[in-house]
Each structure stands twice: as structure tokens, then as C-alpha cells.
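Report on one structure; see the data block that follows.
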Amino acid sequence: MNQEHMEHIEDREELNELMAVRRDKLRDLIDMGIDPFGEKFERTHTAREIVERFAELEDQNTVIAGRIMSLRTHGKATFADLMDSTGRIQLYFRIDLLGEEQYGLLSKVDIGDILGITGRIFRTRRGEISVEVSGMKFLSKSLRPLPDKWHGLKDVDLRYRQRYVDLIVNPGVREVFETRSKIIQSIRNFLVERGYIEVETPMLNVIAGGANARPFITHHNTLDMDLYLRIAPELYLKRLLVGGFEKVFELGKNFRNEGISTKHNPEYTACEIYAAYANAADMMKLTEEIFVHIAQEVKGSTKIVFQGQEIDLTPPWPRLPMLEAIKQYSGVDLTGLSDEEARQAAREKGLDVEPNASYANVVEEFFDTFVEPKLIQPVFITDHPVEVSPLAKRKKDNPKLTDRFEPFIVTWEVANGFSELNDPIDQEYRFRMQMAQREQGDEAAHMMDEDYIRALEYGMPPAGGLGLGIDRMVMLFTDSPSIRDVLLFPHMRPRS
RNA sequence: GAGCCAUUAGCUCAGCUGGUAGAGCACCGGACUUUUAAUCCGGGUGUCCCGCGUUCGAAUCGCGGAUGGCUCACCA
């Protein structure tokens, strides 16, 4: 600890009283020759182990470490709660056991300090499993006060910006992210066990393809060229099917330069899965299996509760063609209508449609207005119009529709899949249609990807593809109403 | 991007029709050797989000701005 360091401790012009007091204690510890920021510390138990295995551990010595979450001083005895990643355990300090000097150090301990503790496991008169402290070591002095021990941190702005504090004081938050980890791990295990190979494809793209979305633009200095952050890995993964991989998946982030909402974050996690020689029907079954697998692993049941509603994930989920869903929920049959007829039908139902809206636009509008808000229990919406599905195979019996599906749960689209279009000639035509839309101002329409067409020209096996929205799945399984609750550091505007 | 709402102590929140800034927790001093939202006695620690305006006087009223939440739009 050099002179400069010591001077910085004094440098507290900006500090409020609470922080100044903590720095005084820090200084006192240093003056006593105690390092407030200790080193590697070997533990013998966790808080949870001590509680769960108390019968066999009673009266034994233990070495534990964690953060002090509360202090109750009673003169010559003090109680404290120590929290580690497994839970809390009570500490009991006595002056006659520690001696005056060691016991006196407690006056330098603040809520939030990280301590290493040696002691004997016992149960207090009131029945609380505790550790009677015989030795303590400062592992990290905390220089900022923690939020209210009872009310915690509620200000959502602060919770997201200072997630580290949120995690310390709101125990449920850690559980959400533990569940998130479990979900991702169980998807990975599920796919690997079935012979899928996990791959990584570029996130810096020359062409942002595989989805309809506006991309972020970045710049490569030495190449002096702009690049896009990927909006989907789809086109790369299907190049791998051309190359001979038959079952691949990628789990990672996509970046979309779109609005932010309770269901949208600019960067989000998706899992895309491709299986050669399969089709949309196979991928729907895979979707059901994955959801059931996760539900069993994290909930132990295929019935879950989301915001008070019971959701039954037991397969099979109904398959409902989009036009039938619209007929069912709006009473209007849009099958086979011309653009003008479709616009007329929309106006009759009081929908606001652009004068040049296409049939596909009208179908989407009907779906979003009348159908989507009703889709609470799991259902596959299938057979989307070809115009909004530029990478999906057309249906054999109706080339205006595609062999595509989107599962909906609690009104959210949680995935998207289809029989992959492997005809390079039709694919080139579809890209041209997309470019026409682009020219009409649709920034989210596909860009032409000549190399992808070239890949298809070598021959891609027929395949089924599936993209899972991981964040929404985590929301569903953790009963979280906002995507920000399942992202450790959701995107926030910087504070001035 | 639009509408509505919020922003007061470290945290959670009161603060009426404009009149010297409040509580609980936390913190500081004191008492207390099995407490657990420990208790008891004493202490209020503040850029009332920022700026401008109205007024004798603004946390409070008006205008502008910042950040956040919700709804809508774009999207997954």
C-alpha cells in the first residue's frame, strides 16, 4: 500500500457522510496493519451446506466466507447474517471467545463487507443454526452503503443500471439468471444428445441477412469498410448444410436496430437449429420436445404459471393455419382474395391499411389485431404468405403460402421455423421481391446475397429450420413480464 | 418516434389550496453476552432530476429539457 494509495483514501470531497465513515474505518484497519482487501480464502462449507447438513455438522468447526447483510450488536455479543451464493447463515460473535482486540474489530465491520469466518457450528436458544466465530478476516471492505435491508432496491432504473446491487439485495434476481443458465444448458444438451453440432458463424457481416430487420452498422478500420452486426445466423448455417453438415445449431446473439420494449432488446439471444432431410412438421415436433424438456428440467412439470395464468405445454400443440386462425377469430375469410379485395375486407373490419397495402400486409394486419392477442395456450400458426417468408419453401398445394410455422404462447411469438427453401432459382426471385420492397423504403427487407444463391446452386438438401427466442423462453419459465428482467444488463440510455 | 405517469436523504416513501424539508431502515454517539425487521436513549446526514419563468416567497404553479416506467408504433 503506497503513499499515493493512502492519499486517495483521503480524497473524499464528493463523498457523503455514509461513505466517509466507511473510508475512515478502512483507514483505521490499514493503520492497525490489517489488509481490508484480503486474498484467496479456502472455505470448507457453504451457508446452505451448514443448514442442510446441520445434524452431522453440529459442534464441528467450519470456514466460510460471504457478505455481511445485517448486524445486531448486543454489547459484548453480536449477531450478523453472512450471505454467500447459496444463502445466508447467522454469525455469533462473543467477546469472551474472541478477546477484546478481535471483538473490537467488529466496530470496523459494515453491512456489505465481505468476511472470511472461522468458527463452530451450533444452534442458538431460538433455534437458529449459526456459526460461533473464533476468527475473522476482512476479504473486502465495502465503501458504499447497501439499500434498505427490508425494502431492498425497487427503483427499476437503478436495478438495471447497477445490477450488481440488485443481485446483492434482491435474492429472486439471482434465481432468474440461474434458471436462464439452466434453460440454455438444457437446450444445448438436448441438441447435442440428438447429434446436432454447435457452430459459430460471423457476427460481423458484409450483408445482414436471414431476417427482416434493420441492422446496426459498424466500421472496420484497417479494411476501411462498414460492416453490419448480424440480424440472424440463418444464411450462414444453411451454407453449412450445403457443405455437408446435416444437423447444426448456433446459440448466440442477434442485433436488431429496432425499438426497445418489454419484449425487445437491441441485442438478444436466439438459438437456430437446422436438420437436413427434415421439414417444418419435424421442426414443430422438435419445438414441442424442447419446451417439454426445459419445463421438466426447470419446473418438473409441463404445466407452468405465467402472470397468474396456467399454461399447459403438454404436446401436441394445435396446428392452426394462419388464414384459418384469422377466419376463426375475426370471422373474415381472406383465402384467395386479391390485394384490393383484401384491403376492402380490412376497411370493413375497421383496420387502418395503406392504400397500396398488399394481400400479405392485410393478412398480417388481421393476424396482429384479431388473432395474436388471443393466443395464450401454445399453438403453432402455420402457412404464412410467401411475401413475408422469403426463405421458406412454398406449400406444394398452394404456392402463395409457405410451409412455415410460428409457435405462440401467452401471445408471444416464441419461435419461427419452416421447411427451408433450397431452390436457388426461386430464392433469387424471392430476394428480388425483397429488394423491390427495399427500394420502396422498407429498410427491413432482405438484401440480395449472391453468395448464398451460389451456395444453393451447389445443392442444399431439403431441411427443416427452427429459431428459438431464448429471452422470451426465459421470461415464460421465470414468470418475468419484461425482457429486462431476464437480461443481466439490459440496454439503457447513458445517464448524463 | 407519440401519449400518459414518475423523479424528495444511501434505500423505501410522506409532504394539502405556494409560507423555514419529514418518517422508517441505514448511519453516528451511548446502554446491552443467544438476537434475528433485536431493543432503549440521543443525533437529520438533502443540488427536493436539471434549466428558465411566475411570485414578496416554489419541492409544490407554468414552459423547456434529462432519465425511467407503461401504452402505442417498428420488431423477435
Side-chain angles (χ1 to χ4, degrees), chain A residues 14-22 24-25 69-81 88-98 103 107 110-112 122-130 132 142-162 165-166 168-170 210-215 231-232 253-272 352 364 368 372 388 406-408 411-416 442-444 467-473 475 481-484 490-496:
Chain A
E14 300 289 320
L15 305 181
N16 64 39
E17 187 208 327
L18 297 183
M19 288 174 68
V21 164
R22 284 172 182 240
D24 286 340
K25 292 179 182 174
M69 296 305 291
S70 73
L71 278 166
R72 297 178 291 282
T73 58
H74 296 254
K76 297 187 174 67
T78 295
F79 293 90
D81 291 337
R88 289 188 184 210
I89 184 89
Q90 178 168 265
L91 306 178
Y92 177 48
F93 300 80
R94 280 168 50 187
I95 195 164
D96 55 2
L97 188 67
L98 280 162
Y103 188 83
S107 67
D110 285 303
I111 290 172
F122 77 112
R123 196 193 284 272
T124 63
R125 224 178 265 161
R126 293 290 185 97
E128 178 92 11
I129 294 168
S130 308
E132 186 182 51
S142 169
L143 298 179
R144 283 182 185 270
L146 284 172
D148 190 290
K149 68 179 172 188
W150 192 245
H151 299 98
L153 185 65
K154 287 187 173 167
D155 184 324
V156 285
D157 189 16
L158 284 180
R159 284 187 50 221
Y160 299 145
R161 285 181 201 275
Q162 299 183 34
V165 178
D166 191 30
I168 291 168
V169 299
N170 295 327
N212 288 66
R214 286 148 66 196
I231 56 174
K253 285 206 170 164
N254 294 336
F255 305 87
R256 299 194 181 177
N257 207 340
E258 311 274 3
I260 297 172
S261 78
T262 50
K263 291 192 281 299
H264 302 86
N265 197 63
E267 52 182 297
Y268 71 100
T269 303
C271 180
E272 288 204 6
D352 237 356
E364 273 197 313
D368 292 349
E372 209 177 57
V388 295
E406 288 177 319
F408 282 83
T411 76
W412 306 335
E413 181 195 339
V414 291
N416 178 25
D442 181 0
E443 287 177 70
L468 299 168
I470 299 297
D471 308 287
R472 289 185 185 176
M473 291 175 78
M475 288 165 72
S482 169
I483 196 170
R484 295 185 187 93
H491 182 76
M492 303 289 274
R493 286 186 209 219
R495 272 198 149 161
S496 52

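Numbered from 1 within each chain, the chains take letters A, B, ... in sequence-line order. What you are looking at is a predicted structure, and each value in this text was computed from that prediction instead of being measured.
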Partner of [N] by Watson-Crick or G-U wobble geometry, both contacts under 3.5 Å, or none?
N: B:rA76; value: none
N: B:rU33; value: none
N: B:rA2; value: B:rU71
N: B:rG10; value: B:rC25
N: B:rC61; value: B:rG53

Using a heavy-atom cut-off of under 4.0 Å over every strand shown, decide if [X] touches base, sugar-phosphate, or nothing.
X: A:R94; result: base
X: A:D471; result: nothing
X: A:R484; result: sugar-phosphate
X: A:G467; result: nothing
X: A:N254; result: nothing
X: A:R88; result: nothing
X: A:N265; result: base
X: A:G469; result: nothing
X: A:E413; result: sugar-phosphate
X: A:F255; result: nothing

Does A:Q90 contact B:rU35 through a side-chain donor or acceptor facing the base, at a distance under 3.5 Å? yes

Tell me whether the OP1 or OP2 atom of B:rU36 has a side-chain N or O from A:R72 closer than 4.0 Å.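 No.
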
Is the aromatic ring of A:Y268 within stacking range of B:rA76, meaning centres under 5.5 angstrom and planes under 30 degrees?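 Stacking between A:Y268 and B:rA76: present.
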
Step through the shown structure and confirm whether more than 12 heavy atoms of other residues, nucleotides or ligands are within 6.0 Å of CG on A:D96.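 Counting neighbours around CG of A:D96, more than 12 heavy atoms of other residues, nucleotides or ligands fall under 6.0 Å, so yes.
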
A:F122 and A:Y92 aromatic ring geometry - parallel, tilted or perpendicular at 30°/60° bounds: tilted

Using a 4.0 Å heavy-atom cut-off, write out nucleotides 24-31 of chain B from 5' to 3' as B (base contacted by protein), S (sugar-phosphate only) or - (no contact). BBSSS---

Considering only atom C1', compute the distance from B:rA6 to B:rU60 and round it to an integer number of Å.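 It works out to 15 Å between them.
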
Checking A:S70 now: which residues fulfil side chain to side chain donor-acceptor pair (under 3.5 Å) with it, not counting sequence neighbours? A:R72, A:D81

So, A:R472 versus A:Y268: side-chain donor-acceptor pair below 3.5 Å or not? no

Residue list, side chain to side chain contact (heavy atoms under 4.5 Å, CB included) with A:P407, at least two apart or on another chain: A:T287, A:W317, A:F380, A:F405, A:V414, A:A415

Can you figure out which of B:rU35, B:rC70, B:rG69 approaches the side chain of A:V156 most closely? B:rG69

